[in-house]
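Since the structure comes first, as structure tokens, the remarks are kept for the end.
Atoms within a ligand are numbered from 1 in the order they appear, just like the ligands themselves.
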Amino acid sequence: MTNSSTIEWEQFYQSGKTGWDRGDISPNLNYWLENQQLQPCRILIPGCGNGYEVLHLAAKGFDVVAIDIAPTAVDNLNNALADHKLNAEVILADFFKWNPEKPFDALYEQTSLCALSPERWQAYEQCLFSWLKPNGKLLAQFMQTDVEGGPPYHCEMGDMTDLFDAARWQWSDEHHTKIVHSGGKSERVYRLTRV
Ligand SMILES: C[S@@+](CC[C@H](N)C(=O)[O-])C[C@H]1O[C@@H](n2cnc3c(N)ncnc32)[C@H](O)[C@@H]1O
């Protein structure tokens with residue numbers, strides 16, 4: 001399964017160059033949980049990294065599947081799950097080459113899209129669409145860097161509404177918040193429904 005992407009991401013984890021890792025769950029995950037916008041279900045976290053959200057959702061009774069291409073991230077997460085006596089399925093794979101046994105009720109997207117170069121975004125959207133059941137939810141956090149290049153790549157909202165086309169995705173207008181990151185970056189939060 002080794003390819004340049006595997007090696008590149010693995011090196012980030014091995015060298016501790018994981019500036020995206022906040023060391024905890026996203027504050028917006030609690031918002032969705034407290035407002036019953038996310039309830040126990042079968043959920044996938046693609047590009048899970050160290051997977052704080054995986055642990056949190058597993059503890060709350062979700063059936064969690066997580067996938068990442070970097071062996072160190074997958075090992076870290078499996079060790080944390082064992083330490084906390086929690087269960088989740090953690091898959092070491094390139095998500096572009098992976099198909100789930102059955103589709104999901106929800107997807108949690110956090111700094112996975114922005115980690116991919118924009119020429120791969122269409123293929124990633126097709127993965128997200130195919131992994132979800134009809135009427136399934138995409139909990140999306142779109143990275144805003146306002147600079148050229150990446151990763152992380154800037155997810156301009158006009159590009160996002162083109163990518164997640166209204167013919168395939170319903171955009172909820174109930175909660176558009178902004179999560180501030182270090183270095184002037186932020187994420188814009190949306191809940192999309194797959195048609
Ligand atoms: C910027 S990090 C975000 C990690 C985590 N979501 C977080 O917010 O802490 C992007 C993650 O996507 C993973 N990744 C990149 N390309 C991937 C691919 N093709 N398949 C699976 N995982 C991938 C990387 O290994 C890395 O853990």
Can you find a side-chain donor-acceptor pair between [X] and [Y] that sits under 3.5 Å?
X: Glu10; Y: Thr72; result: yes
X: Tyr52; Y: Gln110; result: no
X: Lys137; Y: Thr193; result: yes
X: Gln141; Y: Tyr108; result: yes

Nearest non-hydrogen protein atom, [atom]:
atom: atom 20 (N) of ligand 1; answer: Phe95 N, 3.0 Å
atom: atom 23 (C) of ligand 1; answer: Ile69 CG2, 3.5 Å
atom: atom 4 (C) of ligand 1; answer: Gly47 O, 3.3 Å

Quick one: which ligand 1 atoms are inside 4.0 Å of a heavy atom on [X]?
X: Ala115; result: 10 (C)
X: Thr111; result: 1 (C), 2 (S), 3 (C), 5 (C), 6 (N), 7 (C), 8 (O), 10 (C)
X: Asp94; result: 18 (C), 19 (N), 20 (N)
X: Ala93; result: 20 (N), 21 (C)
X: Phe96; result: 19 (N)

Check your understanding: Where does the angle between the aromatic ring planes of Trp169 and Phe129 fall among parallel (under 30°), tilted (30 to 60°) and perpendicular (over 60°)?
Key -> perpendicular

Can you tell me how far apart [atom1] ([X]) and [atom2] ([Y]) are? Round to the nearest 0.5 Å.
X: Leu138; Y: Gln170; atom1: CG; atom2: CD; result: 12.5 Å
X: Tyr153; Y: Arg120; atom1: OH; atom2: CZ; result: 10.5 Å
X: Ile43; Y: Lys60; atom1: CD1; atom2: NZ; result: 13.0 Å

Taking 4.0 Å as the limit for heavy-atom contacts, which would you say applies to [X] with ligand 1: side chain only, backbone only, both, or neither?
X: Ser112; answer: neither
X: Tyr13; answer: side chain
X: Pro151; answer: neither

Practice item. Run down the list Asp24, Leu116, Asp68, Asn50 and name the one with the heavy atom closest to atom 26 (C) of ligand 1. Key: Asp68

Point to revise | The one among Trp20, Phe12, Trp9 that brings a heavy atom closest to atom 24 (C) of ligand 1 | key: Trp9

Exercise for review: Please determine if Pro46 has a nitrogen or oxygen closer than 3.5 Å to a nitrogen or oxygen of ligand 1.
Suggested key: no

**Study point:** Asp75 CG: over 12 foreign heavy atoms closer than 6.0 Å
**Key:** yes

